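Could you have a look at this structure, given as structure tokens, before my questions?
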Amino acid sequence: MGSLCEVNSKKPWIETPLIESPTLSRAAGCRIFLKLENLQPSASFKSRGIGNLVLTEEAYHKAIGSTRPLHFFAASAGNAGLAAVSATSVLGYTSSVVVPEATESSIIEKLKTNGASEVIAHGSGLAEADGYLKEVLMPQAEARGEIPVYVPPFDNEAIWEGAATMVEEMSQQMPAGERPDAIICSVGGGGMLAGISDGMDRVGWGSDMQVLAVETKGADSLHQSMKAGELVTIPRITSIASSLGVVRVCKKAFDLLARKNVTSLVLEDAEAAMACWRLADDERIIVEPACGVSVALAYDNRLGHFLREFDKDKKVIIVVCGGSKISVDTLVQYKARYGERARELAEMWNSS
Ligand SMILES: *Cc1c(COP(=O)(O)O)cnc(C)c1O
């Protein structure tokens, strides 16, 4: 059937470039490669995981022969909501997003522009928005004869599988015969880390390859779990890196800490912000602090502290995971607010 092939041949994410950056390599003192996930249709790597979840649901409902229309539901005022509406609209499905009442109108507009069928503001926070979605909106859709599908942000097999495609691309894109010594990624709920780890297993990138899993202080739910030796829920999020603001990581991410090649580390908001403005200057790319915190490792000799046998020939891939909640104005504000602290920290890293 022609139409089936046509639908399945569409992918709601793109193959992104992997570029070697002379400027960041010079700053880092080793070879830095950037995986440009900021170029995804939703402006973050989440297009992969959530896109794959939508494809997986589509395939499943086709396979069981259901004819009722799929309708996707997400509770998010961030990149997960954007990835959900962008993927569903590319594939021709309806989507509803519930955001907390305090959400700025610009975010609601962005969700609509990117293809949301409806955006509903409800509740004082994400938990309330999520409850309303599950307890009221999804049953209503069911009653209308639709198949409601819940889109989770990170704790889901199809999402990890989608994120893993990033590593398959990297393995094709590295210069012939070369493999990275380390991959750096940010951690919110740990979906990206889980997917990267699965992807590494898939392409045969083994335990000699380091993974640096980076969080900001105040959104460090993986690091706190590592310290506690068990999966913990942190009391609150106090970091500006709102896309890393998950109080409890998925079990799969926590379990990865048992691997010797996986290192959990935490930097300050000032460092995440610094990397945002320096990446804008150095590569003309603008990203959220959630992404900046990974990029920060390329600056001020930070990498030398975390990479094994660090030298100029080491090859490091930084996942530029992107994010849509950033603007020139915000970068300017970050610079004013964090410039001095960033200089202090640079001195500390460079002299230690
Ligand atoms: C969601 C997100 C993260 C964190 O990803 P997880 O899979 O939740 O760990 C990091 N950066 C950006 C830009 C994001 O949108």
Side-chain angles (χ1 to χ4, degrees), residues 13 16 34-53 74-87 107 110-111 114 126 151-167 183-199 211-216 219-223 225 234 237 239-254 256-257 262 264-267 269 272-273 275-276 279 285-296 318-326 330:
W13 67 89
T16 59
L34 302 175
K35 183 64 174 158
L36 299 180
E37 291 298 298
N38 58 304
L39 298 176
Q40 290 295 350
S42 69
S44 85
F45 79 99
K46 283 198 179 69
S47 283
R48 289 182 193 269
I50 290 176
N52 190 54
L53 178 125
S76 161
N79 299 321
L82 208 52
V85 302
S86 131
I107 289 177
K110 200 178 276 180
L111 285 163
N114 282 276
L126 257 195
V151 180
F154 56 82
D155 195 358
N156 177 283
E157 198 76 47
I159 287 180
W160 305 331
E161 195 179 293
T165 61
M166 191 194 305
V167 183
I183 298 177
I184 300 176
C185 75
S186 304
V187 176
M192 173 156 51
L193 175 62
I196 285 174
S197 166
D198 282 351
V211 179
L212 304 183
V214 200
E215 296 171 294
T216 48
D220 48 346
S221 41
L222 179 67
H223 199 74
S225 294
I234 60 173
I237 300 298
S239 167
I240 57 168
S242 53
S243 298
L244 305 185
V246 174
V247 292
R248 187 184 179 89
V249 297
C250 59
K251 179 169 185 304
K252 169 135 172 152
F254 174 73
L256 285 171
L257 292 173
V262 177
S264 157
L265 53 106
V266 178
L267 299 178
D269 276 353
C276 291
L279 186 68
I285 292 172
I286 88 167
V287 297
E288 291 182 9
C291 172
V293 74
S294 281
V295 179
I318 300 177
V319 178
V320 181
C321 48
S324 67
K325 216 174 158 190
I326 188 69
T330 304

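Small disclaimer: the values here were computed from a predicted structure and weren't measured. Remember, it's 1-based here, ligands and their atoms both numbered in the order they're listed. Below, all heavy atoms of this structure are taken into account, side chains as well, without hydrogens, waters or symmetry copies.
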I need the nearest protein heavy-atom contact for atom 4 (C) of ligand 1: residue, atom name and distance, please.
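The answer is Gly188 N, 3.5 Å.
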Consider ligand 1: state whether an atom of it lies below 4.0 angstrom from any non-hydrogen atom of Leu244.
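Yes, that is the case, since the closest heavy atom of the residue is under 4.0 Å from the ligand.
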I want to know if ligand 1 touches Ser186 in the polar sense, i.e. an N/O pair below 3.5 angstrom.
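The answer is no, given that Ser186 and ligand 1 share no N or O pair closer than 3.5 Å.
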Numbered atoms and elements of ligand 1 in range of Gly323, under 4.0 angstrom, heavy atoms:
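What qualifies from ligand 1 is 13 (C).
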Taking Gly322's backbone N and O only, do any of them form a donor-acceptor pair with Glu37's side chain (distance below 3.5 Å, no angle check)?
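Pair absent, no side-chain N/O of Glu37 close to backbone of Gly322.
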Heavy-atom side-chain contact between Phe45 and Thr16 under 4.5 Å
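No, side chains not in contact.
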Using atom types as modelled and distance alone, determine if a side-chain donor or acceptor of Ser294 lies under 3.5 Å from a backbone N or O of Ser186.
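Present.
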Ligand 1 atoms in contact with Gly322 (distance to a heavy atom under 4.0 Å)
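Near Gly322, the atoms of ligand 1 are 13 (C).
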Could you tell me whether Glu288 and ligand 1 have an N or O pair separated by under 3.5 Å?
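No.
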With heavy-atom distances below 4.5 Å as the criterion, would you say the side chains of Ile237 and Val247 are in contact?
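Side-chain contact under 4.5 Å: yes.
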After noting the C-alpha distance and the side-chain angles of Asn79 and Ser324, does the key distance pass the side-chain hydrogen bond (donor to acceptor under 3.5 Å, both in side chains) rule?
CA-CA 7 Å; Asn79 299 321; Ser324 67; 3.1 Å; yes
Provide the closest heavy-atom pair for Trp160 versus Asp198 in the form atom of the first, atom of the second, distance.
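Heavy atoms of Trp160 and Asp198 come nearest at CB-OD2, 4.0 Å.
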By number and element, which atoms of ligand 1 are closer than 4.0 Å to a non-hydrogen atom of Ala290?
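Those qualifying, in numeric order: 11 (N).
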Which ligand 1 atoms does Asn79 reach within 4.0 Å, using its non-hydrogen atoms?
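In order of numbering, the contacting atoms are 13 (C), 14 (C), 15 (O).
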Under 4.0 Å from a heavy atom of Gly191: give me the atoms of ligand 1 that qualify, with their elements.
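Every atom of ligand 1 under 4.0 Å from some heavy atom of Gly191: 6 (P), 7 (O), 9 (O).
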Taking the side chain as every heavy atom from C-beta outward, state whether Leu257 and Ser264 have any pair of such atoms under 4.5 Å apart.
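Side chain of Leu257 against side chain of Ser264, heavy atoms only: contact under 4.5 Å found.
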Look only at interatomic distance and state if Cys321 has a nitrogen or oxygen under 3.5 Å from any nitrogen or oxygen of ligand 1.
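There is no such contact.
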How about Ser86 and Ile50: do any of their side-chain heavy atoms sit closer than 4.5 Å?
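When only atoms from C-beta onward are counted, Ile50 and Ser86 do not touch, as no gap falls below 4.5 Å.
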Judging by distance only, is a nitrogen or oxygen of Phe45 under 3.5 angstrom from one on ligand 1?
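No; every N/O pair is 3.5 Å or more apart.
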With sequence neighbours left out, what residues match Ser239 under side-chain hydrogen bond (donor to acceptor under 3.5 Å, both in side chains)?
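Testing Ser239 for side-chain hydrogen bond (donor to acceptor under 3.5 Å, both in side chains), a comparison that skips the adjacent residues, returns Thr216, Asp269.
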Heavy atom of Cys291, distance to ligand 1 below 4.0 Å
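The answer is no, since Cys291 has no heavy atom less than 4.0 Å from ligand 1.
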Validation row: Val287, Cys276 side chains within 4.5 angstrom (heavy atoms)
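The answer is yes, as the side chains (C-beta and beyond) meet within the 4.5 Å cut-off.
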Please check whether Gly190 reaches ligand 1 - meaning an N/O of the residue sits under 3.5 Å from an N/O of the ligand, judged on distance alone.
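So ligand 1 has an N or O lying under 3.5 Å from an N or O of Gly190.
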Quick one: which ligand 1 atoms are inside 4.0 Å of a heavy atom on Gly189?
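Taking each heavy atom of Gly189 in turn, ligand 1 has 6 (P), 8 (O), 9 (O) under 4.0 Å.
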If we only consider heavy atoms of Val187, is any one of them less than 4.0 Å away from an atom in ligand 1?
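Yes, that is the case, since the closest heavy atom of the residue is under 4.0 Å from the ligand.
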In the protein, which heavy atom is nearest to atom 14 (C) of ligand 1, and how far is it?
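Closest protein heavy atom to atom 14 (C) of ligand 1: Lys46 NZ, 2.8 Å.
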